[in-house]
Amino acid sequence: MEILIMAGQLILGLSILVGLHELGHLLTAKMFGMRVEKYFIGFPPKIWSIQRGETEYGIGAIPLGGFVKISGMIDESLDTKAMDQEPEPWEFRAKPAWQRLIVMLGGIIVNVVVGIIIFIALAYQNGDSYLSKEEVNRYGIVAGPLAKEIGLRTGDKIVAYNGQDFTNFDMAVGSEVLLGNNSYYTVERNGQRIDVDVPNGLIEKLSEPEQRGTFIRPIEPFTIGEIVPTTPADKAGLQAGDRIVAVNGQPTQYFHEFQDALEALKGKTATLGIQRDGGNLTIPVEVTEEGTIGFQAKSGLNFTVVKYSFPEAVVAGTNEAFGVVYNNIKGFGKIFRGEVSASKALNGPIGIARMFGGVWDWGRFWFLTGLLSMILAFMNALPIPALDGGHSVILLYEMISGRKPSDAFLENAQKVGMVLLLGIMAFAIFNDVWKAVF
């Protein structure tokens, strides 16, 4: 069921974004009097279609893209029969270069606008919730395996990163540190301040599935929050609000201590010391093979909650949307410099589906859809033949030089671009399967 939910969210999100992207091409083409022959969400074979005027609207069986077919344009269909004839006034090739450029940029513009709108809506509805520097440093951080590898220690208090102060803990584990060059933390340890360097290639190791979310996190006192039905915690009679103070007689004041204790008791029975309503209880509970018992922890740290007015949400949402593009540029820079391998940094359809998760959460769904909208805009803007960015570069050359490339050149460029895109897609899918299996 989890796999179906992941796939369903991915297909719905991509269908929305691809449909709107291609709609951007369709509307701008029709605005300039071009004939649009087809508008499809998904690739062939065709599942369903309907003819409205000059345009066939349809759905394809492969839900990983879509297309519009504009008369007189050399596109992925490579249908060049009509190119031997004189251009008709309603054909793409008969229009001025600036109009053709707007048509090619139409999909990118729509994806940018959609991404910004989604992030603005999320900012306005949810505001922002974060842990302040002071709150995190009440107890310090839990250093995961990679954090220990670079020299951080559990209990360290982060004073600054890259010499900069911060107010939000998310900033300390954000792109400026993990995607930057020559980054470092300044931490307070045993009354002394120490600089800890962050290797430029650390992000590659952090991209491994087993490392996600384990780099550094706050030390947190906790109580039991929501209990998952039919799990060992539910069967043992644990209740929301219970405070777990010991496991098999060993004190567990903080959540990471409790997690470590369960990790050592996988598949066994743990005896929990519980404080409930001012009294003390001892409750045995089975630990799963994954080292869990089935509840959501409620943090004892105080989160700062910020609510945005609509104008503030516009600023915050727009900044977050373009931050996605900025982080992608920095990420590609690390790949090109050889600091991160493409196989570990890039995700295909399977990897993206996993990001959505096996539970349908509308908040996460719209956040990831907004994220994908900005990434789709960025990727389509790359100057690769067959992508909107490749077509746009050729049109800009025509506008600047006053010379239109031959149809033969455009056809060959499209073929090269299609080979590149198919190769990238095949690599992404194979890479997903490889990571899932091995």
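Everything quoted here is computed from the prediction, not taken from an experiment.
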I'd like to know if the side chain of [X] and the backbone of [Y] have a donor-acceptor N/O pair within less than 3.5 Å.
X	Y	answer
S175	L179	no
N302	E135	no
T28	H25	yes
N162	Y184	yes
D156	R153	yes
N380	L376	yes
T252	F258	no
N248	T271	yes
N137	I158	yes
E257	Y254	yes

Exercise for the section: In sequence, state the C-alpha distance, the side-chain angles, and the governing distance for I224 and Q296, and then conclude on side chain to side chain contact (heavy atoms under 4.5 Å, CB included). Expected result: CA-CA 7 Å; I224 293 178; Q296 296 288 332; over 6 Å; no
Practice task
Using a cut-off of 6.0 Å, state whether more than 12 heavy atoms not belonging to Y326 lie near its atom OH.
Solution key: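 Count not over threshold, so no.
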Problem - More than 12 heavy atoms from other groups under 6.0 Å of CD on Q239 - result: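 More than 12 heavy atoms, drawn from other residues, nucleotides or ligands, come within 6.0 Å of this atom.
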Quick one: are [X] and [Y] in side-chain contact, heavy atoms under 4.5 Å?
X	Y	result
E54	K30	yes
F67	I41	no
I375	N328	yes
F40	I59	no
L10	P349	yes
F332	F378	yes
V245	I274	no
M355	M6	no

In Å, rounded to the nearest 0.5 Å, how long is the span from [atom1] of [X] to [atom2] of [Y]?
X	Y	atom1	atom2	answer
L420	K415	CG	NZ	14.5 Å
T55	L26	OG1	CG	6.0 Å
I227	D234	CD1	CG	6.5 Å
L4	W360	CG	CH2	11.0 Å
L146	K205	CG	NZ	6.5 Å
T154	R189	OG1	CZ	10.0 Å

Practice task
Show the numbers, then the answer: is there a side chain to side chain contact (heavy atoms under 4.5 Å, CB included) between M34 and V103?
Solution key: CA-CA 10 Å; M34 301 177 194; V103 171; 3.6 Å; yes
Where [X] and [Y] come nearest, the two heavy atoms and their spacing:
X	Y	result
F367	E320	CE1-OE2, 3.5 Å
I293	L262	CG2-CD1, 4.1 Å
V287	A270	CG2-CB, 3.8 Å
R100	F92	CD-O, 3.0 Å
T269	P284	CG2-CB, 4.1 Å
I216	A143	CG2-CA, 4.5 Å

Exercise for the section: For residues Y139 and F222, establish whether the separation of their ring centroids is below 6.0 Å. Expected result: no
Exercise for the section: Could you please spell out the steps behind the salt bridge (charged side-chain N to carboxylate O under 4.0 Å, His left out) verdict for K266 and E286? Expected result: CA-CA 9 Å; K266 289 180 178 180; E286 296 297 322; over 6 Å; no
Practice task
Using the salt bridge (charged side-chain N to carboxylate O under 4.0 Å, His left out) rule, take E22 and K69 through it: C-alpha gap first, then chi angles, then the decisive distance, then the call.
Solution key: CA-CA 10 Å; E22 300 303 336; K69 180 168 176 53; over 6 Å; no
Practice task
On the 0 to 90° scale, with breaks at 30° and 60°, tag the F255-F295 ring pair as parallel, tilted or perpendicular.
Solution key: perpendicular
Practice task
Measure up the F365 and W362 rings against each other and bin them: parallel (under 30°), tilted (30 to 60°), perpendicular (over 60°).
Solution key: perpendicular
Practice task
Begin with the C-alpha distance, continue with both residues' side-chain angles, and end with the deciding distance and a verdict on salt bridge (charged side-chain N to carboxylate O under 4.0 Å, His left out) for R138 and E134.
Solution key: CA-CA 6 Å; R138 280 173 58 189; E134 291 73 22; over 6 Å; no
Practice task
Verify whether one side chain among K38 and S49 offers a donor that lies under 3.5 Å from an acceptor in the other.
Solution key: no
Problem - Side chains of E312 and S309, donor plus acceptor under 3.5 Å - result: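 Yes, a side-chain donor-acceptor pair sits under 3.5 Å.
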Problem - Candidate pair V314 and Y308, rule side chain to side chain contact (heavy atoms under 4.5 Å, CB included), full reasoning - result: CA-CA 9 Å; V314 170; Y308 294 121; over 6 Å; no
Exercise for the section: Flag the pair K46 and E56 as a salt bridge only when some basic side-chain nitrogen lies within less than 4.0 angstrom of an acidic carboxylate oxygen. Expected result: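 Yes, K46 and E56 are salt-bridged.
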Sequence neighbours left out, cut at 3.5 Å: what donor-acceptor pairs do the side chains of residues 110-131 make with other protein atoms?
| from | atom 1 | to | atom 2 | distance (Å) |
| --- | --- | --- | --- | --- |
| N111 | OD1 | H21 | ND1 | 2.6 |

